[in-house]
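The block underneath contains the structure these notes are about, expressed in C-alpha coordinates.
Counting starts at 1 for both ligands and their atoms, in listed order. All heavy atoms count here, side chains included; hydrogens, waters and symmetry mates do not.
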Amino acid sequence: FFILNSFNVCETVLLMKIFVWEKFSHQSKFQTKFYHYGTFPDDFQWGVSSSSYQVEGGWDADGKGPSMWDTFTHTPGTVLNGDTGDVACDSYNRFEEDLYMLRALKVKAYRLSLSWPRLFPNGYRASLNMKGVDYYNRLIDGLIAYNITPMVTLYHWDLPQTLQDINGWDNVDMIDIFNDYCDFCFQTFGDRVKFWMTFNEPYAIAWVGYGLGELPPNVKSPGDAPYRVAHNLLKAHAKAYHTYDEKYRKTQQGLVSISVSSEWFEPLDVNIPREVAAADRALQFQLGWFAHPIFKNGDYPDAMKWQVGNKSELQGLAESRLPTFTEEEKAYIHGTADVFCLNSYTTRMARHVIPRLSTQSYEYDQDLTVQDVSDSHATAKKELRAAAWGLRRLLNWIKEEYGNPEIYITENGVSTDTSKTVDDPDRIFFLKTYIDEALKAHNLDEVRLKGYTAWSLLDSFEWLSGYSVGFGLHHIDFTHPDRPRTPKRSAHLYHQIIRQNGFPLPVEEEPIYGLNHYHRLVDALLAANIKPQVNKTMPPFLNYIVEDLIKSIF
Ligand code: NOJ
(Lines give C-alpha, C1' and ligand atoms only; values in the text may rest on other atoms or scores of the structure.)
Protein backbone atom coordinates (compact mmCIF):
# COMPACT_ATOMS: atom_id res chain seq x y z
CA PHE A 1 0.00 0.00 0.00
CA PHE A 2 2.54 2.55 -1.04
CA ILE A 3 0.00 5.19 -1.72
CA LEU A 4 2.33 7.85 -2.97
CA ASN A 5 5.72 8.19 -4.45
CA SER A 6 8.28 10.46 -2.93
CA PHE A 7 8.10 12.86 -5.86
CA ASN A 8 4.57 13.82 -4.90
CA VAL A 9 5.56 14.67 -1.38
CA CYS A 10 8.60 16.73 -2.34
CA GLU A 11 6.80 18.36 -5.19
CA THR A 12 3.97 19.62 -3.02
CA VAL A 13 6.37 20.99 -0.47
CA LEU A 14 8.70 22.58 -2.97
CA LEU A 15 6.09 24.09 -5.18
CA MET A 16 4.09 26.16 -2.82
CA LYS A 17 4.33 25.70 0.90
CA ILE A 18 7.99 26.53 0.96
CA PHE A 19 6.75 29.96 -0.01
CA VAL A 20 5.99 30.93 3.60
CA TRP A 21 9.42 29.96 4.88
CA GLU A 22 11.03 31.52 1.81
CA LYS A 23 9.21 34.73 2.46
CA PHE A 24 9.82 35.00 6.19
CA SER A 25 12.67 32.83 7.41
CA HIS A 26 15.28 34.98 5.67
CA GLN A 27 14.09 38.14 7.37
CA SER A 28 16.53 40.01 9.52
CA LYS A 29 15.79 40.28 13.21
CA PHE A 30 14.83 43.86 12.63
CA GLN A 31 12.28 42.93 9.99
CA THR A 32 10.88 40.16 12.15
CA LYS A 33 10.49 42.34 15.20
CA PHE A 34 9.51 45.57 13.51
CA TYR A 35 6.40 47.00 15.12
CA HIS A 36 3.64 47.58 12.63
CA TYR A 37 1.18 50.35 13.35
CA GLY A 38 -2.28 50.11 11.93
CA THR A 39 -5.81 49.04 12.64
CA PHE A 40 -8.21 46.23 11.79
CA PRO A 41 -11.45 46.81 9.87
CA ASP A 42 -14.43 48.08 11.87
CA ASP A 43 -16.19 44.72 11.89
CA PHE A 44 -13.19 42.88 13.37
CA GLN A 45 -14.51 40.51 16.02
CA TRP A 46 -12.65 41.02 19.30
CA GLY A 47 -13.43 38.48 21.95
CA VAL A 48 -12.33 36.47 24.94
CA SER A 49 -12.60 32.77 25.50
CA SER A 50 -13.33 30.24 28.26
CA SER A 51 -14.57 26.68 28.63
CA SER A 52 -17.23 25.03 30.77
CA TYR A 53 -15.13 22.71 32.94
CA GLN A 54 -12.47 25.36 33.47
CA VAL A 55 -14.83 28.07 34.79
CA GLU A 56 -18.26 26.80 35.75
CA GLY A 57 -17.84 24.72 38.88
CA GLY A 58 -21.22 23.44 40.08
CA TRP A 59 -19.89 20.02 39.17
CA ASP A 60 -22.93 18.20 40.58
CA ALA A 61 -25.35 21.12 40.88
CA ASP A 62 -28.98 20.90 39.81
CA GLY A 63 -28.79 17.46 38.28
CA LYS A 64 -25.56 17.76 36.28
CA GLY A 65 -23.96 14.38 35.57
CA PRO A 66 -20.25 13.69 36.10
CA SER A 67 -17.83 14.26 33.24
CA MET A 68 -14.64 12.31 32.70
CA TRP A 69 -12.81 15.34 34.12
CA ASP A 70 -14.78 15.05 37.38
CA THR A 71 -13.73 11.43 37.61
CA PHE A 72 -10.14 12.29 36.81
CA THR A 73 -9.76 15.20 39.24
CA HIS A 74 -11.46 13.24 42.01
CA THR A 75 -8.78 10.60 41.69
CA PRO A 76 -5.93 11.48 44.07
CA GLY A 77 -2.55 12.30 42.56
CA THR A 78 -3.77 13.34 39.14
CA VAL A 79 -3.76 17.16 39.14
CA LEU A 80 -1.19 19.46 40.73
CA ASN A 81 -2.06 20.22 44.38
CA GLY A 82 -5.12 17.98 44.11
CA ASP A 83 -7.03 20.82 42.42
CA THR A 84 -10.42 20.07 40.88
CA GLY A 85 -13.01 21.91 38.81
CA ASP A 86 -15.67 21.38 41.50
CA VAL A 87 -16.05 25.10 42.11
CA ALA A 88 -13.52 26.63 39.69
CA CYS A 89 -14.51 30.28 39.03
CA ASP A 90 -18.06 29.43 40.13
CA SER A 91 -19.35 30.89 36.89
CA TYR A 92 -22.34 28.57 37.19
CA ASN A 93 -23.51 30.89 39.97
CA ARG A 94 -21.65 34.04 39.01
CA PHE A 95 -22.07 34.43 35.27
CA GLU A 96 -23.55 37.90 35.86
CA GLU A 97 -20.13 38.96 37.11
CA ASP A 98 -18.56 37.50 33.99
CA LEU A 99 -21.02 39.49 31.89
CA TYR A 100 -20.01 42.62 33.74
CA MET A 101 -16.35 42.05 32.90
CA LEU A 102 -17.15 41.32 29.27
CA ARG A 103 -19.02 44.60 29.03
CA ALA A 104 -16.17 46.47 30.70
CA LEU A 105 -13.70 45.01 28.21
CA LYS A 106 -16.07 45.97 25.39
CA VAL A 107 -15.54 42.71 23.58
CA LYS A 108 -17.81 41.92 20.67
CA ALA A 109 -17.76 38.16 21.29
CA TYR A 110 -17.49 35.64 24.10
CA ARG A 111 -16.36 32.10 23.34
CA LEU A 112 -17.80 29.63 25.82
CA SER A 113 -18.43 25.92 25.76
CA LEU A 114 -21.47 23.89 26.75
CA SER A 115 -21.06 21.20 29.35
CA TRP A 116 -22.57 18.11 27.75
CA PRO A 117 -23.22 16.36 31.11
CA ARG A 118 -24.96 19.50 32.41
CA LEU A 119 -27.43 19.24 29.54
CA PHE A 120 -27.58 15.45 29.20
CA PRO A 121 -26.37 14.02 32.55
CA ASN A 122 -25.83 10.55 31.13
CA GLY A 123 -24.85 11.72 27.66
CA TYR A 124 -28.16 10.91 25.96
CA ARG A 125 -31.07 13.16 25.11
CA ALA A 126 -33.47 11.10 27.24
CA SER A 127 -31.68 12.33 30.37
CA LEU A 128 -32.25 16.02 29.52
CA ASN A 129 -31.65 18.35 32.47
CA MET A 130 -33.79 21.47 32.08
CA LYS A 131 -31.82 23.28 34.79
CA GLY A 132 -28.79 23.04 32.54
CA VAL A 133 -30.77 24.42 29.60
CA ASP A 134 -31.97 27.28 31.82
CA TYR A 135 -28.41 28.13 32.81
CA TYR A 136 -27.21 28.42 29.22
CA ASN A 137 -30.34 30.31 28.23
CA ARG A 138 -29.65 32.88 30.93
CA LEU A 139 -26.02 33.17 29.90
CA ILE A 140 -26.75 33.43 26.19
CA ASP A 141 -29.60 35.89 26.73
CA GLY A 142 -27.33 37.97 28.95
CA LEU A 143 -24.72 38.13 26.19
CA ILE A 144 -27.25 39.04 23.53
CA ALA A 145 -28.76 41.73 25.78
CA TYR A 146 -25.34 43.40 25.84
CA ASN A 147 -24.71 42.89 22.16
CA ILE A 148 -22.00 40.31 22.71
CA THR A 149 -21.90 37.50 20.16
CA PRO A 150 -21.85 34.05 21.74
CA MET A 151 -19.29 31.77 20.07
CA VAL A 152 -20.17 28.32 21.32
CA THR A 153 -17.97 25.23 21.45
CA LEU A 154 -20.00 22.06 21.70
CA TYR A 155 -17.23 19.92 23.11
CA HIS A 156 -14.34 21.30 25.15
CA TRP A 157 -13.19 17.99 26.63
CA ASP A 158 -15.74 17.39 29.44
CA LEU A 159 -17.25 14.17 28.13
CA PRO A 160 -20.09 12.64 30.16
CA GLN A 161 -18.49 9.84 32.19
CA THR A 162 -21.15 7.40 31.02
CA LEU A 163 -19.93 7.88 27.46
CA GLN A 164 -16.34 7.35 28.49
CA ASP A 165 -17.58 4.11 30.03
CA ILE A 166 -18.49 2.89 26.54
CA ASN A 167 -14.98 3.77 25.33
CA GLY A 168 -15.49 7.45 24.52
CA TRP A 169 -14.17 8.69 21.20
CA ASP A 170 -12.66 5.32 20.39
CA ASN A 171 -16.20 4.02 19.87
CA VAL A 172 -17.78 4.68 16.46
CA ASP A 173 -21.21 4.94 18.10
CA MET A 174 -20.07 8.32 19.42
CA ILE A 175 -20.62 9.79 15.96
CA ASP A 176 -24.39 9.42 16.26
CA ILE A 177 -24.49 10.15 19.97
CA PHE A 178 -22.60 13.42 19.46
CA ASN A 179 -24.83 14.31 16.56
CA ASP A 180 -27.90 13.91 18.70
CA TYR A 181 -26.41 16.22 21.34
CA CYS A 182 -25.44 18.82 18.71
CA ASP A 183 -28.86 18.59 17.09
CA PHE A 184 -30.43 19.39 20.46
CA CYS A 185 -28.10 22.36 21.02
CA PHE A 186 -28.71 23.80 17.54
CA GLN A 187 -32.45 23.43 18.05
CA THR A 188 -32.46 24.89 21.56
CA PHE A 189 -29.93 27.70 21.36
CA GLY A 190 -29.51 28.26 17.63
CA ASP A 191 -32.08 31.04 17.46
CA ARG A 192 -29.48 33.15 19.30
CA VAL A 193 -26.17 31.33 18.75
CA LYS A 194 -24.83 31.94 15.26
CA PHE A 195 -21.24 30.78 15.70
CA TRP A 196 -20.66 27.11 16.51
CA MET A 197 -17.51 25.08 16.93
CA THR A 198 -17.93 21.32 17.21
CA PHE A 199 -14.64 20.33 18.87
CA ASN A 200 -11.99 22.23 20.72
CA GLU A 201 -8.49 21.05 19.73
CA PRO A 202 -9.19 17.60 18.31
CA TYR A 203 -5.41 17.14 18.18
CA ALA A 204 -5.24 17.29 22.00
CA ILE A 205 -8.23 14.97 22.35
CA ALA A 206 -6.68 12.36 20.05
CA TRP A 207 -2.97 12.62 20.81
CA VAL A 208 -2.73 13.86 24.39
CA GLY A 209 -5.77 11.84 25.52
CA TYR A 210 -5.16 8.59 23.61
CA GLY A 211 -1.48 8.63 22.64
CA LEU A 212 0.51 10.30 25.39
CA GLY A 213 -2.27 9.45 27.81
CA GLU A 214 -1.67 12.63 29.82
CA LEU A 215 -5.23 13.95 29.65
CA PRO A 216 -8.33 11.86 30.35
CA PRO A 217 -9.11 9.19 29.37
CA ASN A 218 -5.35 8.58 29.83
CA VAL A 219 -5.01 5.92 27.17
CA LYS A 220 -1.36 5.34 26.24
CA SER A 221 -1.66 3.76 22.87
CA PRO A 222 0.46 6.04 20.68
CA GLY A 223 0.61 3.86 17.57
CA ASP A 224 -3.03 3.44 16.70
CA ALA A 225 -5.64 4.86 19.12
CA PRO A 226 -4.99 8.52 18.22
CA TYR A 227 -5.55 7.75 14.52
CA ARG A 228 -8.76 5.85 15.24
CA VAL A 229 -10.03 8.56 17.56
CA ALA A 230 -9.24 11.33 15.08
CA HIS A 231 -11.08 9.37 12.41
CA ASN A 232 -14.18 9.26 14.61
CA LEU A 233 -13.86 12.93 15.55
CA LEU A 234 -13.70 13.96 11.90
CA LYS A 235 -16.77 11.91 11.07
CA ALA A 236 -18.62 13.21 14.13
CA HIS A 237 -17.72 16.78 13.19
CA ALA A 238 -18.91 16.29 9.62
CA LYS A 239 -22.15 14.71 10.71
CA ALA A 240 -22.97 17.61 13.07
CA TYR A 241 -22.12 20.06 10.28
CA HIS A 242 -24.50 18.33 7.89
CA THR A 243 -27.23 18.26 10.52
CA TYR A 244 -26.91 22.02 10.86
CA ASP A 245 -26.89 22.39 7.10
CA GLU A 246 -29.95 20.26 6.55
CA LYS A 247 -32.11 21.26 9.50
CA TYR A 248 -31.08 24.67 10.77
CA ARG A 249 -28.97 26.74 8.43
CA LYS A 250 -31.82 28.10 6.39
CA THR A 251 -33.74 29.46 9.36
CA GLN A 252 -30.89 30.20 11.76
CA GLN A 253 -28.24 31.41 9.30
CA GLY A 254 -25.28 30.74 11.53
CA LEU A 255 -21.92 29.19 10.84
CA VAL A 256 -20.27 26.00 12.00
CA SER A 257 -16.58 25.25 12.34
CA ILE A 258 -14.07 23.41 14.52
CA SER A 259 -11.24 24.93 16.60
CA VAL A 260 -8.06 23.28 15.44
CA SER A 261 -4.75 23.93 17.15
CA SER A 262 -1.20 24.30 16.03
CA GLU A 263 2.08 25.88 16.89
CA TRP A 264 4.24 27.26 14.10
CA PHE A 265 7.20 25.15 13.03
CA GLU A 266 10.37 26.76 11.85
CA PRO A 267 12.82 24.49 9.99
CA LEU A 268 16.28 23.83 11.39
CA ASP A 269 17.73 25.38 8.24
CA VAL A 270 15.56 27.08 5.66
CA ASN A 271 18.17 26.41 2.94
CA ILE A 272 17.93 22.63 3.27
CA PRO A 273 14.81 21.28 1.51
CA ARG A 274 14.73 18.18 3.70
CA GLU A 275 14.46 20.42 6.78
CA VAL A 276 11.74 22.56 5.27
CA ALA A 277 9.88 19.37 4.40
CA ALA A 278 10.22 18.29 8.05
CA ALA A 279 8.69 21.58 9.27
CA ASP A 280 5.87 21.20 6.78
CA ARG A 281 5.34 17.60 7.91
CA ALA A 282 5.10 18.74 11.53
CA LEU A 283 2.31 21.13 10.52
CA GLN A 284 0.58 18.45 8.49
CA PHE A 285 0.61 15.98 11.38
CA GLN A 286 -0.70 18.51 13.89
CA LEU A 287 -2.94 20.92 11.98
CA GLY A 288 -3.38 19.10 8.68
CA TRP A 289 -4.56 15.94 10.44
CA PHE A 290 -7.94 17.69 10.86
CA ALA A 291 -7.75 20.74 8.61
CA HIS A 292 -6.70 18.88 5.46
CA PRO A 293 -9.76 16.61 5.32
CA ILE A 294 -12.12 19.43 6.22
CA PHE A 295 -10.69 22.30 4.21
CA LYS A 296 -8.84 20.59 1.39
CA ASN A 297 -10.13 17.34 0.01
CA GLY A 298 -11.80 15.09 2.57
CA ASP A 299 -8.63 13.11 3.14
CA TYR A 300 -5.51 13.13 5.33
CA PRO A 301 -2.44 15.03 4.13
CA ASP A 302 -0.20 13.16 1.69
CA ALA A 303 2.67 13.39 4.16
CA MET A 304 0.65 11.52 6.79
CA LYS A 305 -0.55 8.82 4.40
CA TRP A 306 2.97 8.33 3.13
CA GLN A 307 4.71 8.30 6.51
CA VAL A 308 2.24 6.15 8.45
CA GLY A 309 1.66 3.85 5.47
CA ASN A 310 5.35 3.18 4.96
CA LYS A 311 6.16 2.73 8.63
CA SER A 312 3.23 0.37 9.07
CA GLU A 313 4.38 -1.73 6.13
CA LEU A 314 7.95 -1.86 7.38
CA GLN A 315 6.61 -2.82 10.80
CA GLY A 316 5.02 -5.83 9.15
CA LEU A 317 1.42 -4.74 9.62
CA ALA A 318 -1.22 -5.83 7.17
CA GLU A 319 -2.50 -2.29 6.73
CA SER A 320 -1.65 1.28 7.59
CA ARG A 321 -2.30 2.38 11.17
CA LEU A 322 -3.82 5.49 9.60
CA PRO A 323 -7.39 4.55 8.69
CA THR A 324 -8.73 5.37 5.24
CA PHE A 325 -11.87 7.18 4.16
CA THR A 326 -14.10 5.88 1.39
CA GLU A 327 -14.75 8.24 -1.53
CA GLU A 328 -18.20 8.83 -0.13
CA GLU A 329 -16.82 9.71 3.30
CA LYS A 330 -14.30 12.08 1.74
CA ALA A 331 -17.04 13.93 -0.08
CA TYR A 332 -19.05 14.03 3.18
CA ILE A 333 -16.18 15.51 5.22
CA HIS A 334 -14.75 17.93 2.67
CA GLY A 335 -16.04 21.48 3.10
CA THR A 336 -17.60 21.01 6.53
CA ALA A 337 -16.44 24.31 8.03
CA ASP A 338 -17.66 27.77 7.16
CA VAL A 339 -14.62 29.54 8.60
CA PHE A 340 -11.22 28.49 9.92
CA CYS A 341 -10.91 28.58 13.74
CA LEU A 342 -7.39 28.46 15.11
CA ASN A 343 -5.94 28.07 18.60
CA SER A 344 -2.25 28.93 18.72
CA TYR A 345 0.25 29.76 21.42
CA THR A 346 3.82 29.02 20.50
CA THR A 347 6.53 28.41 17.90
CA ARG A 348 8.98 25.54 17.76
CA MET A 349 11.67 24.25 15.49
CA ALA A 350 11.26 20.96 13.65
CA ARG A 351 14.24 18.93 12.61
CA HIS A 352 14.44 15.89 10.36
CA VAL A 353 15.47 12.63 12.09
CA ILE A 354 14.93 8.94 11.45
CA PRO A 355 13.79 7.37 14.70
CA ARG A 356 13.92 3.64 15.36
CA LEU A 357 11.30 1.67 13.53
CA SER A 358 10.32 -0.76 16.25
CA THR A 359 8.19 1.70 18.22
CA GLN A 360 4.77 2.27 16.74
CA SER A 361 3.87 5.84 17.51
CA TYR A 362 2.23 8.87 15.93
CA GLU A 363 5.27 10.75 17.22
CA TYR A 364 7.84 8.51 15.52
CA ASP A 365 5.75 8.30 12.37
CA GLN A 366 6.71 11.91 11.67
CA ASP A 367 10.49 11.42 11.28
CA LEU A 368 11.28 14.61 13.16
CA THR A 369 12.06 16.04 16.55
CA VAL A 370 11.03 19.40 17.85
CA GLN A 371 12.89 21.86 20.01
CA ASP A 372 12.40 25.39 21.25
CA VAL A 373 13.44 28.28 19.07
CA SER A 374 16.16 30.39 20.63
CA ASP A 375 14.31 33.59 19.85
CA SER A 376 11.46 32.93 22.31
CA HIS A 377 10.53 33.87 25.86
CA ALA A 378 9.82 31.58 28.77
CA THR A 379 6.28 31.66 30.19
CA ALA A 380 4.73 29.97 33.21
CA LYS A 381 4.13 26.88 31.05
CA LYS A 382 7.42 25.60 29.82
CA GLU A 383 6.04 24.04 26.65
CA LEU A 384 4.40 27.31 25.62
CA ARG A 385 7.25 29.75 25.02
CA ALA A 386 6.27 33.05 23.47
CA ALA A 387 7.52 33.82 19.95
CA ALA A 388 4.99 36.17 18.38
CA TRP A 389 6.49 36.17 14.87
CA GLY A 390 5.44 32.53 14.44
CA LEU A 391 1.79 33.53 14.46
CA ARG A 392 2.15 35.66 11.32
CA ARG A 393 3.87 32.77 9.56
CA LEU A 394 1.27 30.25 10.68
CA LEU A 395 -1.54 32.47 9.43
CA ASN A 396 0.23 32.81 6.11
CA TRP A 397 0.73 29.05 5.87
CA ILE A 398 -3.00 28.50 6.49
CA LYS A 399 -3.80 31.07 3.83
CA GLU A 400 -1.59 29.31 1.27
CA GLU A 401 -2.46 25.76 2.24
CA TYR A 402 -6.22 26.07 2.49
CA GLY A 403 -7.03 28.61 -0.20
CA ASN A 404 -7.32 31.79 1.81
CA PRO A 405 -10.17 30.94 4.18
CA GLU A 406 -11.68 33.43 6.62
CA ILE A 407 -9.83 32.87 9.87
CA TYR A 408 -10.79 33.46 13.49
CA ILE A 409 -8.14 33.09 16.17
CA THR A 410 -10.25 31.33 18.81
CA GLU A 411 -7.48 31.04 21.41
CA ASN A 412 -4.22 32.86 22.00
CA GLY A 413 -2.76 34.02 25.27
CA VAL A 414 -0.16 33.43 27.93
CA SER A 415 -0.03 32.02 31.43
CA THR A 416 1.48 33.64 34.47
CA ASP A 417 2.06 32.29 37.93
CA THR A 418 -1.15 32.85 39.91
CA SER A 419 0.80 33.97 42.95
CA LYS A 420 1.30 37.19 40.97
CA THR A 421 -2.01 38.98 40.90
CA VAL A 422 -2.78 42.04 38.82
CA ASP A 423 0.65 43.13 37.62
CA ASP A 424 1.21 41.14 34.47
CA PRO A 425 3.72 42.84 32.20
CA ASP A 426 4.43 39.47 30.54
CA ARG A 427 0.86 39.28 29.32
CA ILE A 428 0.93 42.88 28.14
CA PHE A 429 4.06 42.14 26.12
CA PHE A 430 2.51 38.92 24.80
CA LEU A 431 -0.75 40.51 23.69
CA LYS A 432 0.92 43.51 22.10
CA THR A 433 3.37 41.45 20.12
CA TYR A 434 1.06 38.59 19.13
CA ILE A 435 -1.82 40.84 18.13
CA ASP A 436 0.61 42.96 16.16
CA GLU A 437 1.73 39.88 14.23
CA ALA A 438 -1.93 39.11 13.56
CA LEU A 439 -2.30 42.69 12.33
CA LYS A 440 0.69 42.30 10.02
CA ALA A 441 -0.84 39.13 8.60
CA HIS A 442 -4.07 41.01 8.00
CA ASN A 443 -2.74 44.33 6.73
CA LEU A 444 0.46 43.32 4.99
CA ASP A 445 -0.14 39.75 3.84
CA GLU A 446 -3.85 39.92 3.04
CA VAL A 447 -4.71 37.06 5.36
CA ARG A 448 -8.49 37.14 5.82
CA LEU A 449 -8.40 37.36 9.59
CA LYS A 450 -11.87 38.14 10.90
CA GLY A 451 -11.49 37.94 14.66
CA TYR A 452 -9.21 37.48 17.63
CA THR A 453 -10.37 35.80 20.83
CA ALA A 454 -7.96 36.01 23.75
CA TRP A 455 -7.52 33.09 26.08
CA SER A 456 -8.79 33.81 28.65
CA LEU A 457 -11.39 35.98 30.35
CA LEU A 458 -10.46 34.63 33.79
CA ASP A 459 -7.77 32.71 35.54
CA SER A 460 -9.34 29.26 35.58
CA PHE A 461 -8.73 25.56 36.06
CA GLU A 462 -5.71 24.95 33.85
CA TRP A 463 -6.10 21.19 33.47
CA LEU A 464 -3.09 19.27 34.85
CA SER A 465 -1.62 22.48 36.28
CA GLY A 466 -4.77 23.17 38.34
CA TYR A 467 -4.83 26.75 39.62
CA SER A 468 -1.06 27.19 39.79
CA VAL A 469 -0.96 29.14 36.54
CA GLY A 470 -3.55 31.40 34.99
CA PHE A 471 -4.20 32.73 31.49
CA GLY A 472 -6.79 35.27 32.66
CA LEU A 473 -7.16 38.94 31.94
CA HIS A 474 -8.82 38.84 35.35
CA HIS A 475 -7.36 37.44 38.53
CA ILE A 476 -9.49 35.27 40.79
CA ASP A 477 -8.85 34.56 44.42
CA PHE A 478 -9.49 30.81 44.45
CA THR A 479 -9.16 30.65 48.22
CA HIS A 480 -12.12 32.99 48.72
CA PRO A 481 -15.64 31.48 48.64
CA ASP A 482 -16.91 34.41 46.55
CA ARG A 483 -14.20 33.94 43.95
CA PRO A 484 -13.61 37.72 43.63
CA ARG A 485 -12.55 38.83 40.16
CA THR A 486 -10.04 41.64 39.64
CA PRO A 487 -8.96 43.01 36.28
CA LYS A 488 -5.24 42.69 35.65
CA ARG A 489 -3.28 45.42 33.89
CA SER A 490 -3.55 43.35 30.72
CA ALA A 491 -7.35 43.71 30.84
CA HIS A 492 -6.91 47.47 30.57
CA LEU A 493 -4.46 47.04 27.72
CA TYR A 494 -6.77 44.66 25.87
CA HIS A 495 -9.65 47.07 26.34
CA GLN A 496 -7.52 49.82 24.81
CA ILE A 497 -6.52 47.64 21.85
CA ILE A 498 -10.20 46.87 21.25
CA ARG A 499 -11.20 50.51 21.56
CA GLN A 500 -8.53 51.55 19.09
CA ASN A 501 -9.14 48.51 16.91
CA GLY A 502 -5.45 47.70 16.84
CA PHE A 503 -2.44 49.93 17.12
CA PRO A 504 -2.83 53.33 15.50
CA LEU A 505 0.50 55.12 15.35
CA PRO A 506 0.75 57.35 18.43
CA VAL A 507 1.50 60.92 17.42
CA GLU A 508 4.46 61.17 19.77
CA GLU A 509 6.07 58.12 18.16
CA GLU A 510 5.77 59.32 14.59
CA PRO A 511 9.17 61.04 14.52
CA ILE A 512 10.84 58.06 16.18
CA TYR A 513 9.68 55.68 13.51
CA GLY A 514 10.21 58.18 10.77
CA LEU A 515 6.85 57.24 9.41
CA ASN A 516 5.40 60.69 9.65
CA HIS A 517 7.70 61.80 6.91
CA TYR A 518 6.79 58.86 4.70
CA HIS A 519 3.11 59.28 5.40
CA ARG A 520 3.29 62.89 4.27
CA LEU A 521 5.36 61.94 1.29
CA VAL A 522 2.91 59.26 0.22
CA ASP A 523 -0.03 61.59 0.83
CA ALA A 524 1.57 64.27 -1.32
CA LEU A 525 2.28 61.80 -4.11
CA LEU A 526 -1.24 60.49 -4.01
CA ALA A 527 -2.64 64.02 -4.07
CA ALA A 528 -0.63 64.56 -7.22
CA ASN A 529 -2.01 61.31 -8.64
CA ILE A 530 1.36 59.61 -8.58
CA LYS A 531 1.61 56.03 -7.38
CA PRO A 532 4.63 55.75 -5.09
CA GLN A 533 7.27 53.19 -6.04
CA VAL A 534 9.71 51.71 -3.58
CA ASN A 535 13.25 52.64 -4.36
CA LYS A 536 15.13 49.38 -4.18
CA THR A 537 18.41 51.13 -3.49
CA MET A 538 17.15 52.26 -0.11
CA PRO A 539 18.75 50.67 2.91
CA PRO A 540 16.94 47.35 3.35
CA PHE A 541 15.24 48.26 6.60
CA LEU A 542 13.80 51.49 5.20
CA ASN A 543 12.73 49.65 2.12
CA TYR A 544 10.78 47.32 4.32
CA ILE A 545 9.08 50.12 6.20
CA VAL A 546 8.04 51.92 3.05
CA GLU A 547 6.82 48.72 1.43
CA ASP A 548 4.65 48.03 4.46
CA LEU A 549 3.43 51.56 4.51
CA ILE A 550 2.48 51.52 0.88
CA LYS A 551 0.75 48.17 1.26
CA SER A 552 -1.26 49.46 4.16
CA ILE A 553 -2.32 52.48 2.16
CA PHE A 554 -3.33 50.71 -1.05
C1 NOJ B 1 -5.91 25.02 24.92
C2 NOJ B 1 -7.20 24.62 25.55
O3 NOJ B 1 -8.22 24.69 24.62
C4 NOJ B 1 -7.54 25.41 26.79
O5 NOJ B 1 -8.54 24.73 27.47
C6 NOJ B 1 -6.32 25.62 27.64
O7 NOJ B 1 -6.59 26.21 28.86
C8 NOJ B 1 -5.34 26.44 26.85
N9 NOJ B 1 -4.95 25.71 25.66
C10 NOJ B 1 -4.07 26.81 27.60
O11 NOJ B 1 -3.33 25.69 27.91
Under 4.0 Å to a heavy atom of Phe471 - the qualifying atoms of ligand 1, by number
10 (C), 11 (O)

Heavy-atom side-chain contact between Ser456 and Val48 under 4.5 Å
no

Partner of Tyr53 under ring-ring contact (aromatic ring centres under 6.0 Å, His included), picked from Tyr92, Phe461, Trp59, Trp157, is Phe461

Under 4.0 Å from any heavy atom of Lys381, which atoms of ligand 1 are there?
11 (O)

Quick one: salt bridge (Lys or Arg N to Asp or Glu O under 4.0 Å) partners of Lys399, sequence neighbours excluded?
none

Centre of Tyr146's six-membered ring, under 6.0 Å away, within 45 degrees of the axis: is that where NZ or CZ of Arg103 sits?
yes

One finds that the ligand 1 atoms under 4.0 Å from a non-hydrogen atom of His156 are 2 (C), 3 (O), 4 (C), 5 (O)

What protein heavy atom sits nearest atom 8 (C) of ligand 1, and how far away is it?
Tyr345 OH, 3.4 Å

Apply ring-ring contact (aromatic ring centres under 6.0 Å, His included) to His237 and Tyr155, showing your working.
CA-CA 10 Å; His237 160 81; Tyr155 181 78; over 10 Å; no

What is the nearest protein non-hydrogen atom to atom 2 (C) of ligand 1, stated with its residue, atom name and distance?
Glu411 OE1, 3.4 Å

When you compare ligand 1 with Trp463, is there at least one nitrogen or oxygen pair between them that comes in under 3.5 angstrom?
yes

Considering only heavy atoms from C-beta outward, does the side chain of Gln54 approach that of Glu462 to under 4.5 Å?
yes

Atom 11 (O) of ligand 1 sits nearest the protein heavy atom Glu462 OE2, 2.6 Å

Proximal atoms of ligand 1 relative to Asn200 (non-hydrogen, under 4.0 Å):
2 (C), 3 (O)

